[in-house]
Asks: 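After the C-alpha coordinates below, expect a handful of questions from me.
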Amino acid sequence: MKTRYWILLFLAVLLLCAAAAWHIENTKPSEALAGVYQNGRLVRTVDLSAVTEPYDIVLTEAGSCDVRVEPGKIYILSSTCPDQLCVKHGPLGGGLPVACLPNKVVIRWLSETDKGYDAMTDAVN
(Lines give C-alpha, C1' and ligand atoms only; values in the text may rest on other atoms or scores of the structure.)
Protein backbone atom coordinates (compact mmCIF):
# COMPACT_ATOMS: atom_id res chain seq x y z
CA MET A 1 0.00 0.00 0.00
CA LYS A 2 2.78 2.45 0.78
CA THR A 3 4.28 2.04 -2.69
CA ARG A 4 1.02 3.14 -4.32
CA TYR A 5 0.94 6.35 -2.28
CA TRP A 6 4.52 7.18 -3.20
CA ILE A 7 3.78 6.60 -6.87
CA LEU A 8 0.65 8.79 -6.69
CA LEU A 9 2.57 11.49 -4.85
CA PHE A 10 5.35 11.39 -7.44
CA LEU A 11 2.86 11.64 -10.32
CA ALA A 12 1.05 14.55 -8.63
CA VAL A 13 4.33 16.47 -8.16
CA LEU A 14 5.34 15.73 -11.75
CA LEU A 15 1.98 16.99 -13.01
CA LEU A 16 2.30 20.18 -10.95
CA CYS A 17 5.81 20.82 -12.29
CA ALA A 18 4.65 20.31 -15.88
CA ALA A 19 1.69 22.67 -15.37
CA ALA A 20 3.95 25.33 -13.83
CA ALA A 21 6.45 25.06 -16.70
CA TRP A 22 3.65 25.37 -19.27
CA HIS A 23 2.21 28.39 -17.46
CA ILE A 24 5.58 30.16 -17.28
CA GLU A 25 6.32 29.51 -20.95
CA ASN A 26 2.91 30.66 -22.19
CA THR A 27 2.44 33.82 -20.14
CA LYS A 28 3.72 37.24 -21.03
CA PRO A 29 2.39 40.71 -20.35
CA SER A 30 -0.74 41.55 -22.31
CA GLU A 31 0.81 44.73 -23.70
CA ALA A 32 3.72 42.75 -25.18
CA LEU A 33 6.17 45.52 -24.33
CA ALA A 34 9.84 44.64 -24.29
CA GLY A 35 12.64 46.81 -22.99
CA VAL A 36 16.16 46.85 -24.44
CA TYR A 37 18.71 47.89 -21.81
CA GLN A 38 22.40 48.66 -22.16
CA ASN A 39 24.60 49.44 -19.14
CA GLY A 40 21.47 49.31 -16.98
CA ARG A 41 19.72 52.10 -18.91
CA LEU A 42 16.57 51.65 -20.97
CA VAL A 43 17.66 52.26 -24.58
CA ARG A 44 14.45 51.36 -26.41
CA THR A 45 10.92 50.24 -25.61
CA VAL A 46 9.37 47.99 -28.25
CA ASP A 47 5.65 47.18 -28.58
CA LEU A 48 5.85 43.76 -30.21
CA SER A 49 2.13 43.71 -30.99
CA ALA A 50 2.52 46.80 -33.21
CA VAL A 51 5.54 45.63 -35.24
CA THR A 52 4.69 44.90 -38.88
CA GLU A 53 8.12 44.77 -40.56
CA PRO A 54 11.35 43.30 -39.11
CA TYR A 55 14.08 45.77 -38.15
CA ASP A 56 17.37 45.78 -36.24
CA ILE A 57 18.58 47.79 -33.27
CA VAL A 58 22.37 48.13 -33.32
CA LEU A 59 24.08 48.71 -29.95
CA THR A 60 27.78 49.56 -30.06
CA GLU A 61 28.57 51.11 -26.68
CA ALA A 62 30.41 48.12 -25.10
CA GLY A 63 30.92 45.99 -28.20
CA SER A 64 28.65 45.26 -31.13
CA CYS A 65 25.25 43.68 -30.47
CA ASP A 66 22.45 43.51 -33.05
CA VAL A 67 18.91 43.08 -31.71
CA ARG A 68 16.31 41.84 -34.21
CA VAL A 69 12.67 42.90 -33.80
CA GLU A 70 10.02 40.94 -35.69
CA PRO A 71 6.23 40.80 -35.30
CA GLY A 72 5.71 39.25 -31.86
CA LYS A 73 9.43 38.41 -31.34
CA ILE A 74 12.62 40.08 -30.19
CA TYR A 75 16.03 38.44 -29.92
CA ILE A 76 19.76 39.04 -30.27
CA LEU A 77 20.69 38.37 -33.89
CA SER A 78 24.48 38.72 -33.56
CA SER A 79 27.01 39.76 -30.99
CA THR A 80 30.77 40.14 -30.58
CA CYS A 81 30.80 38.19 -27.31
CA PRO A 82 32.97 35.05 -27.29
CA ASP A 83 30.46 32.39 -26.16
CA GLN A 84 27.37 33.50 -28.18
CA LEU A 85 24.95 32.30 -25.48
CA CYS A 86 22.77 35.35 -26.05
CA VAL A 87 22.40 34.50 -29.75
CA LYS A 88 21.67 30.84 -28.96
CA HIS A 89 19.00 31.85 -26.42
CA GLY A 90 16.55 32.72 -29.18
CA PRO A 91 13.47 34.94 -28.85
CA LEU A 92 12.38 36.45 -25.56
CA GLY A 93 9.85 34.11 -24.01
CA GLY A 94 8.44 33.06 -20.68
CA GLY A 95 9.71 35.07 -17.76
CA LEU A 96 13.40 34.91 -18.57
CA PRO A 97 15.32 37.84 -20.07
CA VAL A 98 17.84 37.60 -22.89
CA ALA A 99 21.21 38.88 -21.68
CA CYS A 100 24.56 39.51 -23.33
CA LEU A 101 26.82 40.14 -20.36
CA PRO A 102 30.05 41.09 -22.19
CA ASN A 103 28.16 43.78 -24.13
CA LYS A 104 26.00 44.72 -21.11
CA VAL A 105 22.74 44.25 -23.06
CA VAL A 106 19.53 42.88 -21.52
CA ILE A 107 16.16 42.40 -23.22
CA ARG A 108 13.19 41.77 -20.92
CA TRP A 109 9.43 42.11 -20.73
CA LEU A 110 8.13 45.39 -19.35
CA SER A 111 5.18 45.57 -16.99
CA GLU A 112 3.18 48.19 -15.16
CA THR A 113 5.76 48.27 -12.36
CA ASP A 114 8.46 49.43 -14.79
CA LYS A 115 6.98 52.90 -15.05
CA GLY A 116 8.61 55.57 -12.93
CA TYR A 117 11.84 55.61 -11.01
CA ASP A 118 14.54 52.99 -11.62
CA ALA A 119 16.49 52.51 -8.38
CA MET A 120 19.37 50.65 -10.05
CA THR A 121 20.24 53.37 -12.52
CA ASP A 122 18.94 56.47 -10.68
CA ALA A 123 16.90 57.32 -13.76
CA VAL A 124 13.30 58.08 -14.49
CA ASN A 125 11.74 55.79 -17.10
Side-chain angles (χ1 to χ4, degrees):
M1 275 274 229
K2 283 187 171 183
T3 306
R4 286 186 193 165
Y5 290 120
W6 282 110
I7 291 172
L8 287 175
L9 180 65
F10 175 75
L11 290 175
V13 169
L14 187 65
L15 183 64
L16 280 172
C17 290
W22 179 84
H23 177 72
I24 288 172
E25 185 63 32
N26 293 312
T27 56
K28 60 182 176 182
S30 59
E31 299 90 18
L33 289 177
V36 179
Y37 292 82
Q38 187 168 34
N39 285 330
R41 293 176 310 165
L42 182 64
V43 175
R44 178 88 57 98
T45 302
V46 179
D47 184 1
L48 296 176
S49 62
V51 175
T52 57
E53 294 291 323
Y55 64 91
D56 293 340
I57 302 169
V58 179
L59 304 170
T60 58
E61 189 173 318
S64 181
C65 189
D66 295 335
V67 177
R68 171 62 67 117
V69 180
E70 295 179 359
K73 288 195 274 186
I74 185 168
Y75 56 93
I76 296 180
L77 181 64
S78 65
S79 176
T80 58
C81 62
D83 55 11
Q84 298 290 302
L85 289 176
C86 53
V87 176
K88 294 174 188 172
H89 184 278
L92 181 65
L96 299 175
V98 179
C100 183
L101 297 180
N103 293 329
K104 301 175 184 172
V105 174
V106 176
I107 305 170
R108 67 180 184 92
W109 294 116
L110 296 179
S111 64
E112 289 296 320
T113 59
D114 292 320
K115 295 178 180 172
Y117 182 73
D118 187 354
M120 286 186 65
T121 61
D122 276 343
V124 177
N125 291 338

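Quantities reported herein were computed from a predicted structural model and do not represent experimental measurements.
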Asks: In Å, rounded to the nearest 0.5 Å, how long is the span from CG of Leu16 to CG of Leu11?
Replies: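 Spacing of CG (Leu16) from CG (Leu11) equals 11.0 Å.
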Asks: Which pairs count as side-chain hydrogen bond (donor to acceptor under 3.5 Å, both in side chains) when at least one residue sits in residues 83-100, sequence neighbours excluded?
Replies: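 As it turns out, there is no side-chain hydrogen bond (donor to acceptor under 3.5 Å, both in side chains) pair with a partner in residues 83-100 once direct neighbours are skipped.
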Asks: Do Leu85 and Val36 belong together in a cluster built from hydrophobic side chains that touch within less than 4.5 Å?
Replies: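 The answer is no; the residues belong to distinct hydrophobic clusters.
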Asks: Enumerate the residue pairs fulfilling salt bridge (Lys or Arg N to Asp or Glu O under 4.0 Å) with a member in residues 69-80, sequence neighbours excluded, ordered by first and then second residue.
Replies: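 Qualifying pairs: Glu70-Lys73.
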Asks: With rounding to the nearest 0.5 angstrom, report the CD1 to CG distance, Ile76 to Asp66.
Replies: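 Here the interatomic distance stands at 9.5 Å.
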Asks: To the nearest 0.5 Å, tell me how far Asp47 CG sits from Leu110 CG.
Replies: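 Those atoms lie 10.0 Å apart.
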Asks: Working to the nearest 0.5 angstrom, can you tell me the gap between Leu42 CG and Asn39 CG?
Replies: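 So the CG of Leu42 and the CG of Asn39 are separated by 13.0 Å.
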Asks: Which donor-acceptor pairs under 3.5 Å do the side chains of residues 92-107 make with protein atoms, sequence neighbours left out?
Replies:
unit_1, atom_1, unit_2, atom_2, d
Asn103, ND2, Ser64, O, 3.3
Asn103, ND2, Ser79, OG, 2.7

Asks: How is the hydrophobic cluster of Leu77 composed, in terms of its other members, when Ile, Leu, Val, Met, Phe, Trp and Tyr link through side-chain heavy atoms under 4.5 Å apart, directly or indirectly?
Replies: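 Joined to Leu77, directly or through intermediates: Tyr75.
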Asks: Below 3.5 Å, can you tabulate the donor-acceptor pairs from side chains in residues 53-60 to any protein atom, sequence neighbours excluded?
Replies:
unit_1, atom_1, unit_2, atom_2, d
Asp56, OD1, Arg68, NE, 2.5

Asks: Listed by chain and number, what are the side-chain contact (heavy atoms from CB on, under 4.5 Å) partners of Leu15, not counting sequence neighbours?
Replies: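 For Leu15, no residue satisfies side-chain contact (heavy atoms from CB on, under 4.5 Å) once neighbours in sequence are set aside.
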